[in-house]
Student: 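Got a structure here, written out as structure tokens. Questions coming.
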Amino acid sequence: MTKQYAQIIVDVPTMQTDQPYTYAVPENMIDSLLLGMRVTVPFGRRNVMGFVVGLTASTDLPEEQVRPIQQILDLTPVLNTELLNLSDYLASETFAFRITILQTMLPNVFKANYERTLRIIDEVDDDVRDRLFKGLDEIAFKTGDFTESDMATLLKLRRQHKIDVEVAVHDKAKIKTQLAYQFSDDVEFLEDELRGLRSSAKKQATLLQFILCHLAETWVKKDLQEVIDISDAVLNQAVTKKWIMKTKVELLRDPFHAEVKQTALLELNAQQQEAYERISGTFDAQRFQPFLLEGITGSGKTEVYLQVAQHVFEQGKTVLFLVPEIALTPQMVRRVKGRFGAQTAVLHSGLSDGERYDEWRRIERGDVKIVVGARSAVFAPLTNIGLIIVDEEHETTYKQSDNPRYDARNIALWRGQYYQIPVILGSATPSLESRARAQRGVYELLTLTQRAGGAKLPSVNVIDMKETLSRGPETNFSEELRIKLADRLAKGEQSVLMLNRRGFSSFVMCRDCGYVPCDPNCNLAMTLHMDTHTLKCHYCGHEEKIPTVCAQCGSKRIRYYGTGTEKVEAELQELFPDARVIRMDQDTTRKKGSMDKMLQKFGNHEADILLGTQMIAKGLDFPDVTLVGVLNADTSLGLPDFHASERTFQLLTQVSGRAGRAKKPGEVLVQTFNPQHYAITYAQNHDYEGFYRQEMAVRHAGNYAPYYYTVQIQASHSDENQAAIQMLKVARWLRSHAEKDVIILGPSPKPIAKMRKRYYFQIILKFKKRNEMDTLLQELQNRAQKAKGDLQLSIDRDPVSFM
DNA sequence: AGCACGCCGACT
DNA sequence: GTCGGCGTGCTC
């Protein structure tokens, strides 16, 4: 028997252990151990979980250094070669640990559960036995169960071999099983048994006859008892008589059984047809090619996706369909399920760990042909993929904002390349980066310029709020908007009002001294919540009562500033007491399914006005909406971020697209204090290409993406001075090691400098040559890891936010 | 992450 | 001398 060795990535997320370790495969495991399985291995003086990422016949290590694998945790690999390769790519792309990446790619249940047991093995003090062990000989414990001094005591006892600790690695992924019976296939035996039965044994005879008709089949107990009325006693007898054998079959919970009616294919217009043919042609040629599908709102991008998907299905391949956020796109999900029915798996954030695991199993077993999901669905264990779709590709939700900071768009492209298939990036307002790639011919550009069914784009009017406010009292509603709203109400048509709260909050301020109550942890202005009459910090969740007296000067003249949806709703009710308003924001849609319910209500005309934050800008399709009002277009322009104009343009275009989607023409009113800003004027003219050209010039002048790569290095420390000093060191080190053409900005305190009792600083790097910088950044991270203190450093490639 | 090892000051 | 504090380095 030849020896075998396995390369294992262990579940210890640190820089020093971020490498494969070599273990010996015990002889009895050689046949069953496969690449991509999880195992437990001894590591130091404990056991940890690990992933098999390589199998070899030899090792350079001396024999005595190699320890054997302890246990195999999976029956089949949880990761295939494709996903293992992907994890390599991601590790270098995101500066994250291999183990973190591997766990990110899998459902939560695959994370190991470490159960530790303390056991007394020698005489100990009564105090220890009574207090720490609650009078018992052994006790289960988790980190944090004991105080630091108790931990010290326990550690000491262990060194004296008076107590022992045992760590068991458990698997959270339990395959739910159901009791079933496997029938015998021995016809003669069964027939003998049937003949030998007493005439009174009617039930047994029924069962035997049934078995004879279904030889060697496996029946779930519940199903069996439904078909033939047999009691448990009879079944047990049958087991002892060896007619049948007890087994277990996997039970799959199905969270989505709601049946949907099949929806028919819609006819494509000439542009859609052209796009369809370009993409399906690429699929037929088995070639990797990204397509940028730039289609104005309402131009029927979805129908193109679905028909290409249909074509891909017919060739026996599967489809991966990414959307920005399932909760915000219920209409899209319904359409996909309507077309592809039970072969669809929907991965959304509302799933419990168990449900998510079940969906994952369904996909992995090949029961599913199309997977619809948000960011993390890009890791769906589909094989044989024939098409990947990234809808609303400009959305920032595709980028994960904490470690590992991966970008689902890039992963989609990676997987597309792996399978040599087309990847569709669709948007009405493509990200500048993608549009620029299309310009360079990296992506193939497909454009849809006509709305489906011949509907027209709405006319957009920009209202200068400076004038409105100079004429009258403070208000959120210009005269023009009031008139239009009244008009729609009179005609029985619907309106959508959006309050742009991006980077904006309503707060409380003292009229006499200007004091703003800030939360004690983050030092940020707290946001006013009128429903609970409290002030909340949106970053750490701190909550307190609205003060009636100024904490700084004692004045009672505390006043509300800014605008929350609640305040707008109140003003709206005052202006139009008879209007039925639905308010949609984070507070009213927190509950699962409440958003969908509200949208259905609006769709059924049970309300006249839908008032909401930017969550209403996406994907909603209501034919009777003829007026869209944007109450404050420019709050997103003031963000400390070079994407501010792009985000504003995208938001305005998206929300405008909600108006006039059917027969009736739509109208949009945009209230702003910056009516001349190009992001607003180009959005007004529905001119994406014009905006793209101007914004590219701005980016070029400022050395921003897509002309330069951007990397954000951020560090935090519990001590403000230390944070600043360490980051200055980092900056100095970078300046002396980087090429001359690398632009290094900072360090500077982050716009939100203090968060959760830590101080944040950032350095922004802008550069042209990626490979050289990657090497440098990798080294920076190594050094940071070794540095002492509680400095936390993270590297974010192409950050989507600088907040 | 854990855990051992080893160096140093404080103390029965 | 010995105990326990913490900094350093290793885990196939």
Side-chain angles (χ1 to χ4, degrees), chain A residues 3-27 29-30 33 35 37-73 91 96-104 110-119 121 125 128 140-170 402-404 718 722 726 781-794:
Chain A
K3 269 254 166 199
Q4 206 179 31
Y5 299 93
Q7 270 65 55
I8 311 278
I9 298 288
V10 292
D11 180 20
V12 184
T14 63
M15 194 87 242
Q16 297 151 65
T17 53
D18 187 29
Q19 48 162 346
Y21 285 84
T22 305
Y23 285 84
V25 184
E27 220 164 89
M29 285 186 195
I30 287 186
L33 188 72
L35 216 56
M37 281 181 171
R38 292 169 310 143
V39 292
T40 60
V41 290
F43 195 68
R45 64 181 317 295
R46 64 205 168 115
N47 294 321
V48 296
M49 192 268 278
F51 287 89
V52 181
V53 296
L55 287 169
T56 51
S58 64
T59 175
D60 297 337
L61 289 167
E63 190 67 20
E64 66 276 10
Q65 250 190 63
V66 182
R67 300 167 76 182
I69 289 173
Q70 195 199 29
Q71 197 196 153
I72 302 181
L73 290 177
F97 308 128
R98 283 287 301 269
I99 187 67
T100 315
I101 305 238
L102 293 170
Q103 295 192 330
T104 307
F110 286 128
K111 283 188 189 150
N113 234 345
Y114 296 98
E115 266 175 32
R116 298 196 282 183
T117 315
L118 285 180
R119 188 174 299 124
I121 53 175
D125 293 349
V128 171
F141 93 109
K142 299 188 289 291
T143 21
D145 275 2
F146 296 105
T147 64
E148 269 181 43
S149 71
D150 285 346
M151 280 303 284
T153 315
L154 291 169
L155 220 65
K156 197 173 127 191
L157 286 168
R158 217 190 70 179
R159 264 199 294 270
Q160 296 164 354
H161 299 288
K162 289 191 171 173
I163 64 170
D164 192 22
V165 60
E166 190 187 292
V167 184
V169 188
H170 284 284
D402 43 47
N403 278 326
S718 51
Q722 273 304 309
Q726 296 293 337
Q781 204 181 40
N782 286 336
R783 294 166 62 95
Q785 188 73 213
K786 283 180 193 137
K788 54 196 176 305
D790 80 335
L791 187 80
Q792 282 173 17
L793 185 130
S794 75

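Sequence lines set the chain letters: A, B, ... in the order given, protein chains first and strands last, and positions in each chain run from 1.
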Student: Mind checking A:V12 for me? I need base, sugar-phosphate or nothing, with any heavy atom below 4.0 Å counting as a touch.
Tutor: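 Base, at least one base atom sits under 4.0 Å.
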
Student: Give, ordered by number, those residues of residues 43-56 of chain A having at least one heavy-atom distance below 4.0 Å to an atom of DNA chain B; if nothing qualifies, reply none.
Tutor: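 Residues of residues 43-56 of chain A that come under 4.0 Å of DNA chain B are, in numerical order, A:R45, A:R46.
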
Student: Which atoms form the tightest heavy-atom contact between A:A6 and A:I69, and what is the distance?
Tutor: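 Closest heavy-atom pair between A:A6 and A:I69: CB-CD1, 3.9 Å.
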
Student: Between atom CG in A:D11 and atom P in C:dT11, what is the gap in whole Å?
Tutor: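 That distance rounds to 18 Å.
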
Student: Under 3.5 Å, side chain of A:R67 to main-chain N/O of A:G44, donor-acceptor pair present?
Tutor: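 Yes, A:R67 side chain to A:G44 backbone: donor-acceptor pair under 3.5 Å.
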
Student: Where do A:V53 and A:L35 come nearest, in terms of heavy atoms and distance?
Tutor: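 Closest heavy-atom pair between A:V53 and A:L35: C-CD1, 3.6 Å.
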
Student: Could you check if a side-chain atom of A:I8 sits within less than 4.5 angstrom of a side-chain atom of A:V52, using non-hydrogen atoms only?
Tutor: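 The answer is yes; the side chains approach within 4.5 Å.
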
Student: Can you see which heavy atom on A:V25 is nearest to which on A:Y5, and at what distance?
Tutor: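 In this case the closest contact between A:V25 and A:Y5 is CG2-C, 4.0 Å.
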
Student: Rounding to an integer number of Å, can you tell me how far A:L61 CG sits from C:dT11 P?
Tutor: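 Roughly 10 Å, once rounded to whole Å.
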
Student: Take the protein atom CD1 of A:I9 and the nucleotide atom P of C:dT11, then report the distance between them rounded to whole Å.
Tutor: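 Taking atom P of C:dT11 as the reference, CD1 of A:I9 is at 16 Å.
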
Student: Quick one: A:R98 CZ to B:dA1 P, roughly how many Å, whole number?
Tutor: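 Nearest whole value for this atom pair: 19 Å.
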
Student: Taking all heavy atoms of A:I101 and all of A:P404, pick out the closest pair and write down the distance.
Tutor: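 Taking every non-hydrogen atom into account, CD1-CB, 4.3 Å.
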
Student: Quickly work out the A:Q70 CD to C:dC12 P distance and round it to whole Å.
Tutor: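 In whole Å, C:dC12 P lies 13 Å from A:Q70 CD.
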
Student: A:Q103 versus A:M49: any side-chain heavy-atom pair under 4.5 Å?
Tutor: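 Yes. Closest side-chain heavy atoms under 4.5 Å.
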
Student: Rounding to a whole Å, what distance do you find between A:I8:CD1 and C:dT11:P?
Tutor: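 A:I8 atom CD1 is separated from C:dT11 atom P by 16 Å.
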
Student: Enumerate, atom names and distances included, each donor-acceptor pair closer than 3.5 Å involving a side-chain atom of residues 16-23 of chain A, sequence neighbours excluded.
Tutor:
unit_1 : atom_1 : unit_2 : atom_2 : d
A:T17  : OG1    : A:V12  : O      : 2.7
A:T17  : OG1    : A:T14  : O      : 3.4
A:T17  : OG1    : A:T14  : OG1    : 2.6
A:D18  : OD1    : A:R98  : N      : 2.9
A:Q19  : NE2    : A:Y21  : OH     : 3.1
A:T22  : OG1    : A:Q7   : NE2    : 3.2
A:Y23  : OH     : A:P42  : O      : 2.7

Student: Tell me which residues in residues 13-21 of chain A lie within less than 4.0 Å of DNA chain B, going by non-hydrogen atoms.
Tutor: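 Here the set is A:P13, A:T14.
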
